[in-house]
Amino acid sequence: MKKEGMLVIISGPSGAGKGTVVAELVKTEAFALSVSATTRKPRPGEMEGIHYYFYDREAFEAMQKKNQLLEWAEFCGNYYGTPRKYVENQMAEGKNVILEIEVQGALQIKELYPECVLVFLIPPNLEELGRRLTERGTEDKQTINRRIHRALEEMEFVSRYDYVVINETVQKATKDICAIVQAESMKSSRNPKIKEQFKGEIELC
Ligand code: 5GP
């Protein structure tokens, strides 16, 4: 029986290690990764279509108007959004799709798809978060401070999420998220036709 894929949302403060954990999850091939659109400038090493689709504000706003984004939000002065078509196609094919997005977008997705799974990834402590952002070396001091401030604001939303995962090591956090997805996929509410299928098989014998 073909099941529709699950939508798994990973949020968490900048520097929580979302990108690294998501990259590990995608390696397991159990997930398709949605590549977001953004008006942020590419960081060194970031590639069009792999890390993001990079747009100017005008082009991004045109996508919003044409309803081509499943959700979008403004984060620290830039727009970010999820292209609708890819997500809808992958889910229809039964693939689990991961979105790595911030809290406003995550809550928009929960409205659209109440059965989606919201996972909040946090670093072991705030010092660790500051250290990771500084070590990444891709942002200036003002941007780092802005992101730490935003991290504190985002923490207010933890209780709206289904799960909280502490990213002590990438390996452990990846394993935890896989366990969440596995358990979610076995929920009776996600398998509403199991009884009919079972009966059908018995009648065939
Ligand atoms: P960064 O600039 O560090 O790549 O991303 C900044 C924030 O935007 C992160 O919290 C990231 O998860 C979030 N983000 C990335 N893509 C999207 C998206 O498509 N929609 C929303 N709402 N947030 C996104």
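In listed order, ligands and their atoms are each counted from 1. Heavy atoms only: backbone and side chains are in, while hydrogens, waters and symmetry mates are out.
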If the plane angle is over 60° it's perpendicular, under 30° parallel, otherwise tilted; pick one for W72 and Y79.
-> perpendicular
Without swapping roles, check the side chain of R190 against the backbone of E184 for a donor-acceptor pair under 3.5 Å.
-> yes
Per-atom filter on ligand 1: closer than 4.0 angstrom to a heavy atom of S36 are 16 (N), 17 (C), 18 (C), 19 (O)
Looking only at non-hydrogen atoms, the one of K18, E154, K41, Q104 nearest atom 9 (C) of ligand 1 is K18
Structural part of H51 in contact with ligand 1, heavy atom criterion under 4.0 angstrom | neither
Under-4.0 Å heavy-atom contact with ligand 1, by part of F75 that carries it | side chain
Determine, using heavy atoms of E71 and all atoms of ligand 1, whether some pair is separated by less than 4.0 Å.
-> yes
Atoms of ligand 1 under 4.0 Å from any heavy atom of G105, numbered from 1 in the order shown, are 22 (N)
Roughly how far, to the nearest 0.5 Å, is the CG atom of L99 from the CD1 atom of I109?
-> 5.5 Å
Mark the output for Q108 as yes if a heavy-atom distance to ligand 1 is under 4.0 Å, and as no if none is.
-> no
Looking only at atom types and distance, does a side-chain atom of K18 sit under 3.5 Å from a main-chain N or O of L121, one as donor and one as acceptor?
-> no
Which atoms from ligand 1 have a heavy atom of G81 less than 4.0 Å away?
-> 18 (C), 19 (O), 20 (N)
Decide yes or no on salt bridge (Lys or Arg N to Asp or Glu O under 4.0 Å) for R132 and E135, but give the supporting numbers first.
-> CA-CA 5 Å; R132 286 184 192 172; E135 274 184 3; over 6 Å; no
Run the numbers for me: atoms of ligand 1, each under 4.0 Å from some heavy atom of R40, listed by number.
-> 1 (P), 2 (O), 4 (O)
Please could you name the atoms of ligand 1 that A73 approaches to less than 4.0 Å, counting only its heavy atoms?
-> 22 (N)
So CD1 of I101 and CZ of F75: to nearest 0.5 Å the spacing works out to 12.0 Å
Relative to atom 21 (C) of ligand 1, which among L121, I109, I101, L69 owns the nearest non-hydrogen atom?
-> I101
